[in-house]
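Worksheet for the structure shown next.
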Amino acid sequence: MSVCREVITLQLGHYSNYVGTHWWNLQDASLSYDPEEKPGEIQSDVVFREGQTQGGHVTYTPRLIAVDLKGSLRTLRQEGCLYDSGKDTSVVTWDGNLMIHKESPPTKNLFLEDLDKMDRGEILAEDNFCSGSQPQCSGSLSMDTVNSRLQRVQHSYRLEGSVKVWSDFLRIHLHPRTISIIHQYNHDGEAHRLEAFSQGESLLQGAVLDELEDKLHFFVEECDYLQGFQVLCDMADGFAGFGSKVTEMLQDSYSGRGILTWGTAPVSYADSTPVKDIYHLLNCTLATVHMANNSSFFCPLTLRGGLGRRPSSPVSFPHLSYDPSLWFHSSSVLALALDALTVSYRLRDNSVPMWQLADTLAVSGRKVVAAYGAVPFPMMHGSSLPDTLSSWTDAPPWKPLSACSEMSDGRCYGQWATLRGYGDQSLISALPPGTPPTTILHSLPSGEDVLGSYIRSFYPTSPLALQLLATPSKLTPPYPQIFSPQVDAQGFLQSPTPSLSSSPVSSVPVLTSLQSNPALQSWLSELHRSTSTLDIRRVAPSFLSQGLESSDYDEALEQLRVLARCYRDDSGGVMRSSSEEEDD
C-alpha cells in the first residue's frame with residue numbers, strides 16, 4: 001500500500017483563485033467514491049481531505065487556504081455550507097424598535113443554480129443523483145456517472161458573460177477554514193486597492209497572521225506525511241508582497257518541506273493605466289526575487305508575451321480558440337497545464353516528492369524555472385506517439401507558459417517532462433513485423449524511450465526526467481469549450497475536421513516541460529533592465545510611499561542581477577563558478 005504524502009495548497013490573490021478554481025474542478029472530475037472501483041493513477045487524498053457533516057455524510061474538500069479581498073466572493077459564503085444547517089441561530093437581545101435593511105443578493109448563473117438544485121435533490125431525483133462532494137448524498141456513485149449526469153442536464157453553460165469572480169464557476173464545496181478575506185482592501189472600485197508590494201508585505205501581521213496560522217495548523221495537524229505546500233500567488237499586484245511574506249513564514253516554520261510557488265499573472269487588466277502598468281512590472285520583479293528566495297522553486301505562470309510594460313502578443317495554441325482578455329479563459333488553459341505540471345507528486349505509485357522535483361531543477365542557486373506546455377498535445381486519433389512526434393521536427397510542440405522563450409541551441413541545465421492522457425493510443429510504432437522503421441522513434445521499444453529520445457534530440461546534453469500517464473485531464477461543466485473543431489471528445493485530433501455538431505471535449509492529453517535553462521538569464525536580465533532604468537521616485541512615487549524602503553528596493557534589484565547571472569553559460573554548456581564571475 002502506497003503512503004499518501006499530503007500537500008496543502010495556498011491560493012493568494014484573485015487571479016490565482018481563478019487558476020485554482022479551474023484546477024480544483026479538474027481534480028473533482030477525477031475523484032472516485034466507489035470502493036469497488038479500481039484505484040486510478042492519481043492519489044486524490046494527496047490534495048483532498050475526508051470529513052463528515054453533522055448529518056453523518058462523508059465529504060471530500062480541498063486541503064486549501066484561499067485568500068482574497070473584500071467583495072471577491074459574490075454568492076459564495078465564506079464559511080461554506082457543509083457543516084451547518086444554514087439557519088440563523090443568533091439571539092436578539094435588543095427590546096427597542098428594529099429597522100431591517102436587506103440588500104438583494106447577487107444573482108447566480110445557470111450553472112450555480114443547477115448545483116443548488118442538485119444539493120436540494122431537485123435534479124435527477126429519479127436517478128438518485130448525488131456527488132461525493134455534496135453533503136446531501138446517500139450511497140456512492142463513480143465520478144464518471146456524476147459528471148455524465150451533470151453533462152446531461154447542463155444547458156450548454158456559456159459562462160463567458162456571467163463570470164465576475166472565481167466562485168461563479170466553482171464546482172465543489174470548500175471547508176469552513178478555507179477562505180480568508182482581507183477586509184482592509186477592496187476587490188472592485190478605485191478606493192482601498194491592494195496595488196503595491198509593500199502593502200501586501202505589511203498585511204501579514206496581527207489578525208491576518210493569526211487567522212492564517214490557525215488555518216495552517218488545522219490542515220497540517222491532520223496530515224500524517226506532509227510533503228509540502230503548493231502556493232499559487234498573484235505576481236502583479238500587492239499580493240506579490242503578501243505571498244513573499246507567506247512563503248517566508250512557510251520556510252521558517254516548515255523547513256524541510258517542499259514549497260513550490262507558482263506566480264500567476266493574467267494577460268491583461270480591464271482597468272489598466274500607464275502608472276498601473278509600472279506597478280505591475282515592479283511587483284512582478286520583487287515577487288520573483290523574494291518568492292524565489294523563500295521557495296524550493298519559483299515558476300511564473302502566465303500567457304502574456306512578457307512581464308514588461310510592452311509585452312508581445314499573448315501565447316497562441318494551434319488547437320485552442322481562447323480569448324486572452326477573459327480571465328475565465330486564460331486561467332483555464334493555465335490550470336490544465338498545471339494539472340500535468342503538478343502530477344509527479346500526486347501519483348499513487350512511483351510518486352516523486354516535491355523536494356525531489358525541486359532538487360532536480362533548482363540547483364546552483366537557479367531557483368526560478370520556466371514552464372512550457374502543449375495544450376492539448378497534438379496526437380491524432382488512432383496514431384502512435386512516434387507518428388505524432390515525428391511531425392514536429394523543427395521544435396517541440398509546447399508553448400511558453402512563463403513568458404520565457406526557449407534557447408534555440410539546445411542548452412538546458414535540467415528538465416522535467418510529463419505526458420498525460422495518451423489513453424489507448426499506442427506509445428510505440430505499430431508497423432508490421434519486417435517493415436523498416438521510418439524514423440529512429442519508430443524503432444524504440446517503449447513510450448519512455450520514444451519521448452526521451454525525441455526531447456534529447458533538442459537537448460542532447462541536458463539531464464532529463466520523464467513521466468507518462470495514460471489518465472487524461474477530465475473536463476466537466478463549466479470548463480469553457482475553447483477547442484478547435486478538429487479536437488474530438490477525447491481531446492485527440494481527427495481528420496477530416498468534423499461538423500460543428502460534434503460532442504463537447506470531455507478530456508485532453510497534455511504535454512508539459514519544466515526547465516532550468518539559459519533562456520532564463522535573458523528573461524531575468526530583461527526584467528532587471530526594465531525595472532532598474534525606471535526612476536520610480538518620479539514615475540511612481542506612491543510605490544515607495546507605501547512603506548518600501550529605497551535600500552530594500554535597491555537590494556532586491558541587486559539580488560535579481562545576481563540571480564540572472566546564475567543562468568549565464570559562457571562556454572557552451574559549462575557553468576562558471578560564482579567566484580569566477582565576480583572576478584570579471
Side-chain angles (χ1 to χ4, degrees), residues 41 258 260 296-297 299 337-347 349-375 377-379 384-386 388-402 404-422 427-428 439-470 509-521 523 566-567 569 571-575:
E41 292 178 292
L260 306 189
S296 303
F297 72 53
C299 180
L338 190 64
D339 194 26
L341 291 167
T342 61
V343 79
S344 61
Y345 50 86
R346 298 187 288 116
L347 294 176
D349 299 312
N350 302 317
S351 178
V352 177
M354 282 182 161
W355 53 86
Q356 184 175 335
L357 175 63
D359 288 347
T360 302
L361 295 169
V363 296
S364 301
R366 296 188 288 267
K367 294 177 69 175
V368 178
V369 299
Y372 305 86
V375 184
F377 178 59
M379 196 169 188
S384 67
L385 182 60
T388 300
L389 297 178
S390 296
S391 64
W392 292 83
T393 56
D394 295 333
W398 52 58
K399 300 292 184 178
L401 303 175
S402 300
C404 179
S405 60
E406 289 182 276
M407 299 294 290
S408 59
D409 55 5
R411 291 178 293 161
C412 191
Y413 307 124
Q415 182 171 186
W416 195 289
T418 301
L419 171 63
R420 68 167 302 183
Y422 57 84
L427 294 178
I428 60 175
T439 69
I440 189 174
L441 298 180
H442 289 80
S443 66
L444 298 175
S446 71
E448 288 80 3
D449 291 331
V450 171
L451 184 59
S453 177
Y454 175 78
I455 294 178
R456 289 189 181 94
S457 69
F458 297 101
Y459 305 93
T461 61
S462 69
L464 173 65
L466 294 173
Q467 284 183 318
L468 281 75
L469 285 81
V510 175
L511 174 66
T512 58
S513 172
L514 277 173
Q515 295 183 17
S516 173
N517 63 37
L520 283 159
Q521 192 266 337
W523 185 87
C566 291
Y567 296 85
D569 186 350
S571 53
V574 179
M575 289 293 296

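No experiment lies behind these values; they were computed from the predicted model shown.
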Audit row: R420, D339, side chain to side chain contact (heavy atoms under 4.5 Å, CB included) steps and yes/no: CA-CA 9 Å; R420 68 167 302 183; D339 194 26; 3.1 Å; yes
For S296, all residues meeting side-chain contact (heavy atoms from CB on, under 4.5 Å), sequence neighbours excluded: I259, L260, A358
Side chain proximity check, L389 to L451, heavy atoms < 4.5 angstrom: yes
Nearest heavy atoms of I428 and G447, plus distance in Å: CG2-N, 4.0 Å
Minimum heavy-atom distance W392-T388, with the two atoms named: CD1-O, 3.3 Å
Side chain to side chain donor-acceptor pair (under 3.5 Å) against T360, all qualifying residues, sequence neighbours excluded: none
Counterpart residues, side chain to side chain donor-acceptor pair (under 3.5 Å), relative to S351 (two or more places apart): none
Contacts of Y422 that satisfy side chain to side chain donor-acceptor pair (under 3.5 Å) - sequence neighbours left out: none
Test item: S453 side-chain N/O and L441 main-chain N/O as donor-acceptor pair under 3.5 Å: no
Contacts of D449 that satisfy side-chain contact (heavy atoms from CB on, under 4.5 Å) - sequence neighbours left out: L444, P445, S446
For W355 against G258, the heavy-atom pair lying closest together: CE3-N, 4.3 Å
Contact check, side chains of C566 and S364, non-hydrogen atoms, under 4.5 Å: no
side-chain contact (heavy atoms from CB on, under 4.5 Å) involving V363 - partner list, sequence neighbours excluded: R366
Distance-minimising heavy-atom pair for L401 and A337: CD1-CB, 3.5 Å
Residues which pass ring pair (Phe, Tyr, Trp, His ring centres under 6.0 Å) with F377, listed by chain and number, not counting sequence neighbours: none
Residue list, side-chain contact (heavy atoms from CB on, under 4.5 Å) with P396, at least two apart or on another chain: W398, Y454, F458
Which atom of S390 lies closest to which atom of T393, heavy atoms considered: O-CG2, 3.1 Å
Any residue meeting side chain to side chain donor-acceptor pair (under 3.5 Å) with E41, in chain and number order, not counting sequence neighbours: T471
Minimum heavy-atom distance P460-G410, with the two atoms named: CD-O, 4.1 Å
Approximate separation, where rounding is to 0.5 Å, of S344 OG and Q356 CD: 9.0 Å
Y567 side-chain N/O to V368 backbone N/O, donor-acceptor pair under 3.5 Å: yes
Show me the side-chain donor-acceptor pairs of residues 509-518 shorter than 3.5 Å, one per line, residues at least two apart or across chains.
| unit_1 | atom_1 | unit_2 | atom_2 | d |
| --- | --- | --- | --- | --- |
| S513 | OG | Q415 | OE1 | 2.7 |
| S513 | OG | Q515 | NE2 | 3.2 |
| Q515 | OE1 | N517 | ND2 | 2.8 |
| Q515 | NE2 | E406 | OE2 | 3.1 |
| Q515 | NE2 | Q415 | OE1 | 3.4 |
| Q515 | NE2 | Y459 | OH | 3.3 |
| N517 | OD1 | A519 | N | 3.0 |
| N517 | OD1 | L520 | N | 3.3 |
| N517 | ND2 | Y372 | OH | 3.3 |

side-chain contact (heavy atoms from CB on, under 4.5 Å) partner of L419, the single match among L469, L385, L466: L385
